[in-house]
There are 2 protein chains.
Amino acid sequence: MKLSSRGHYGMMALTYLAQKVGDGPIPIKVIAAAEEIPEQYLEQIFVELRRAGLVTSVRGARGGYKLSRPPEQIQVGEVVKVLEGEIAPVECLHADEDNPSLCCSKTEHCATKIVWVKLRDTIVDYLDDITLHDIVHKSSKLYTESR
Amino acid sequence: MKLSSRGHYGMMALTYLAQKVGDGPIPIKVIAAAEEIPEQYLEQIFVELRRAGLVTSVRGARGGYKLSRPPEQIQVGEVVKVLEGEIAPVECLHADEDNPSLCCSKTEHCATKIVWVKLRDTIVDYLDDITLHDIVHKSSKLYTESR
DNA sequence: TTAATCTTGACTGAATGAGTCAGGATTATG
DNA sequence: CATAATCCTGACTCATTCAGTCAAGATTAA
């Protein structure tokens, strides 16, 4: 149950951009330095973010990256999906046409499966409810005590 | 955001045992066959489960494993913690004495950290709320529609 | 023209995951 | 007592993934 560094770094970088909305494109180098992320590694991550339409690049001198949409329209769930792939605590959750749920030939017919399905839903619901805007503005969604 | 096969197999095996409560100790071989889990691999997993006090072993012929507690007292969260380690979506969440949160020297002072903290809480709360009994008896907790 | 950027793809080294192998210790049963 | 059925232990392997680097190219502002 771990995020990879891509997901973590990606969120850090996008949060940084969300704080700089309006400043024009920000070079990778700047983000990498500010957040202490290896620059060339962060480049790879931005390739994925760009392909997914989350950020827009401006090439050439004075270029850089900016968010493609306002921070309140970028959900953490979307970022995580792009950088980590579909959230699926166990393999058999993303059964598609040619892969019709391998793990379910067992005696108990995957009695545990429902647990993982609900776990995924819980995670996705949580992540989809939070946007970059919430993070930057310390939304009460994130900062009120719940336990 | 994936469970390892240990967690998955472990839950399958314990759920199997929960279904057989009262039958006396069940050999690994039987569980492995029923759930299609490599036998020697499952042995490793049971070592951890035993050390954690979740199952009790009976050695020798006619031996096997049984749950150490009734199914309603075994939470999924506990099993996952035993087999996967503390749930911590990102590294810096389990900062202890000698490891005081490495990732937080950044500009934005880990603005994203709160997201992962809350994510962890969300996951833990969910997993701690479900017991083996809920799984075996198809508790409404797991089977009512929520989305 | 040049320097600052993004863009691409190949590469590497270490860690982790998933499982196997080999043998030993314990105990019910005949 | 002998033996077979178990659990118990630790080392080992093999493939994959992760995290990051390297090298070279394309684009564009100044």
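Values below: all heavy atoms of this structure, side chains included; hydrogens, waters and symmetry mates excluded. Order of the sequence lines sets the chain letters (A, B, ...), proteins ahead of strands, with each chain counted from 1. All values derive from a computational prediction rather than experimental measurement.
Not one side-chain nitrogen or oxygen of Arg51(B) sits closer than 4.0 Å to the OP1 or OP2 atom of dC7(D). Phosphate proximity of dT7(C) to Arg50(A): present, with a side-chain N or O under 4.0 Å from OP1 or OP2. Between dA19(D) and Tyr9(A), no contact under 4.0 Å exists linking OP1 or OP2 to a side-chain N or O. Put simply, Ser57(A) has no side-chain N or O that comes within less than 4.0 Å of OP1 or OP2 on dT5(C). When the side-chain nitrogen and oxygen atoms of Arg59(A) are compared with OP1 and OP2 of dG25(D), none of them lie within a distance under 4.0 Å. Contact annotation: Ser5(B) side-chain N/O to dA18(C) OP1/OP2 distance is under 4.0 Å.
The distance from atom CZ of Phe46(B) to atom C1' of dT9(D) is 17 Å, rounded to the nearest whole Å. Between the P atom of dA5(D) and the CD atom of Glu39(B) lies a distance of 12 Å, rounded to the nearest Å. The distance between atom CD of Glu84(A) and atom P of dT17(D), rounded to the nearest whole Å, is 14 Å. Atom CD1 of Ile28(A) is separated from atom P of dT8(C) by 13 Å (rounded to the nearest Å). Computed from coordinates, the Gln40(A) CD to dA23(D) C1' distance equals 9 Å when rounded to whole Å. For Ile26(B) and dT6(D), the CD1 to P distance is 11 Å, given to the nearest whole Å. A straight line from CZ of Arg62(B) to P of dT29(C) spans 5 Å, rounded to a whole angstrom. Atom C1' of nucleotide dT5(C) and atom CD of Glu43(A) are separated by 9 Å, given to the nearest angstrom.
Take the nearest nucleotide of DNA chain D for Ala61(A) and for Gly60(B): the residue whose nucleotide is more 5' is Gly60(B).
Donor-acceptor pairing under 3.5 Å is lacking for the side chains of Tyr9(B) and Ser4(B). For Thr56(B) and Ser68(B), the side-chain atoms include at least one donor-acceptor pair closer than 3.5 Å.
With Arg120(B) as reference, Val117(B) is the one residue of Val117(B), Ile123(B), Thr122(B) to meet the side-chain contact (heavy atoms from CB on, under 4.5 Å) rule.
Across all strands shown, Tyr65(B) has heavy atoms under 4.0 Å from sugar-phosphate atoms exclusively, and none from any base.
Glu48(A) has a carboxylate O that lies under 4.0 Å from a charged side-chain N of Arg6(A), or vice versa, which qualifies the two as a salt bridge. Look at Glu78(A) and Arg69(A) and you find a salt bridge, because one of the NZ, NE, NH1 or NH2 atoms lies within 4.0 Å of a carboxylate O, short of that distance.
Between the side chain of Gln44(B) and the base of dT20(C), a donor-acceptor pair under 3.5 Å is found.
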